[in-house]
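Just so we're on the same page: letters track the sequence lines, and every chain starts at 1.
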Protein chains: 2
Amino acid sequence: MTSQDDSALDLAFLALADPVRRSIIARLSRGPATVNDLAEPFEISKQAVSKHIQVLEQAQLVTRSREAQRRPVHLNPARLEALTAWIDQYRLVREEQFRSLDAVLGSSAGQAAPKAKETK
Amino acid sequence: MTSQDDSALDLAFLALADPVRRSIIARLSRGPATVNDLAEPFEISKQAVSKHIQVLEQAQLVTRSREAQRRPVHLNPARLEALTAWIDQYRLVREEQFRSLDAVLGSSAGQAAPKAKETK
DNA sequence: AGGTTGATAAACAAAAGAGTTGATTACATG
DNA sequence: CATGTAATCAACTCTTTTGTTTATCAACCT
């Protein structure tokens, strides 16, 4: 189960690690679009954009429907939510720790707490 | 300005697109750790882990301090927050659209709305 | 049928990522 | 000073990604 989640997160984060693909996400947040629509703003070929969309589709960040010979791409907000959920699970833990550390130290700079090392 | 943000996001998302690096993040959410601490759970060399940490550091997801010959790694929650902010800006727009579409259609399935195409 | 659009497949070159081993720096201590 | 420990640097593989060009497919329109 963990490894499946793992590879799903791999695909999703990797998909977002590209400015072209993030622009596609941004465009799709305003509504579905075809490959041609999406390719227009970029200086790369349609084929390249098509590949980018495949990456996003594999990451399940977008879905595709059929409409005559067009294949519109739709954003899948649920997958985006899964990513924020993953991030928040660590971000929030960390902030909670800072808060309690502040409480202990009386709101001074809590940074170089050496902590008991239990390594070998 | 946009391109700077762009490459910063590139680095951050790319850094998270790897199970080892995500595990490192998870470990660091419970407190700082050294390269040796972080390398232990994995079957790869310390050099490899060191490289992973450099990737995370370049993405500003972690910072490092000095402590004798040790260089403890600390999580930087602020950068994680920047990522959720980026994602939410599109996720939430999209959900808002679904909500208003539901309002128009009277809470039926709002999916294949062709929409007026204003393409060239 | 023939032609046009929209989108993909296949094959290839260039670049980047992830890991390895071997040598090197920096510090601590016997 | 010599030794051990923490971490990095350098050089080298192996594999994956990205983009290009060329060719193909599938659906529509007269």
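- Atoms CD (A/Glu67) and C1' (D/dA27) sit 13 Å apart, rounded to a whole Å.
- Residue A/Asn36 has its side chain nearest to C/dA7 when only C/dT8, C/dA7, D/dA7 are considered.
- Contact annotation: the side chain of B/Val49 approaches that of B/Leu38 to within less than 4.5 Å [non-hydrogen atoms, C-beta and beyond].
- Each of A/Ala17 and A/Ala68 has a nearest nucleotide on DNA chain D; the 5'-most of these lies closest to A/Ala17.
- Side-chain proximity of B/Val35 to D/dG19, D/dG4, D/dT8: nearest is D/dT8.
- Nearer the 5' end of DNA chain D, as judged by each residue's closest nucleotide, is the contact made by B/Glu57, out of A/Asp18 and B/Glu57.
- Per the geometry, CG belonging to A/Leu14 stands 10 Å off P belonging to C/dG17, to the nearest Å.
- Of the candidates C/dT20, C/dA26, C/dT8, the closest approach to any side-chain atom of A/Ser50 belongs to C/dT8.
- Atom CG of A/Leu38 is separated from atom C1' of C/dG6 by 13 Å (rounded to the nearest Å).
- Atom P of nucleotide C/dT21 and atom CD1 of B/Ile44 are separated by 12 Å, given to the nearest angstrom.
- Minimum interatomic distance between A/Arg91 and B/Pro77 (heavy atoms only, all atoms of both residues): CD-O, 3.9 Å.
- Residues B/Ile24 and B/Phe42 share a closest heavy-atom pair of CG1-CE1, 4.3 Å.
- Rounded to whole angstrom, the span from the NE2 atom of A/His52 across to the P atom of C/dA7 amounts to 16 Å.
- Between B/Arg71 and C/dT25, a side-chain N or O to OP1/OP2 separation shorter than 4.0 Å is absent.
- Nearest to the side-chain atoms of B/Arg21 among the listed nucleotides C/dA7, D/dG19, C/dA18 stands C/dA18.
- A/Arg70 places its CZ atom 10 Å from the C1' atom of D/dA27, with the value rounded to the nearest Å.
- Counting atom types as modelled, A/Gln47 pairs no side-chain N or O with a base atom of D/dT18 as donor and acceptor under 3.5 Å.
- Rounded to whole angstrom, the span from the CD atom of A/Gln54 across to the P atom of C/dA7 amounts to 13 Å.
- Atom pair B/Lys46:NZ and C/dG19:P shows a separation of 17 Å (rounding to whole Å applied).
- The base of D/dT20 sits within donor-acceptor range of the side chain of A/Lys51, with an N or O pair under 3.5 Å.
- Among the nucleotides D/dT20, C/dA7, C/dA28, the one closest to any side-chain atom of A/Arg64 is C/dA7.
- Across C/dA28, D/dA26, D/dA7, the shortest atom-to-atom separation from the side chain of B/Gln69 is found for C/dA28.
- Residues A/Val62 and A/His74 are not in side-chain contact: their nearest non-hydrogen atoms beyond the backbone lie 4.5 Å or more apart.
- Put simply, the side chain of A/Ile87 reaches to within 4.5 Å of the side chain of A/Phe13, judged on heavy atoms.
- Nearest to the side-chain atoms of A/Ser45 among the listed nucleotides D/dT21, C/dG17, D/dT8 stands D/dT21.
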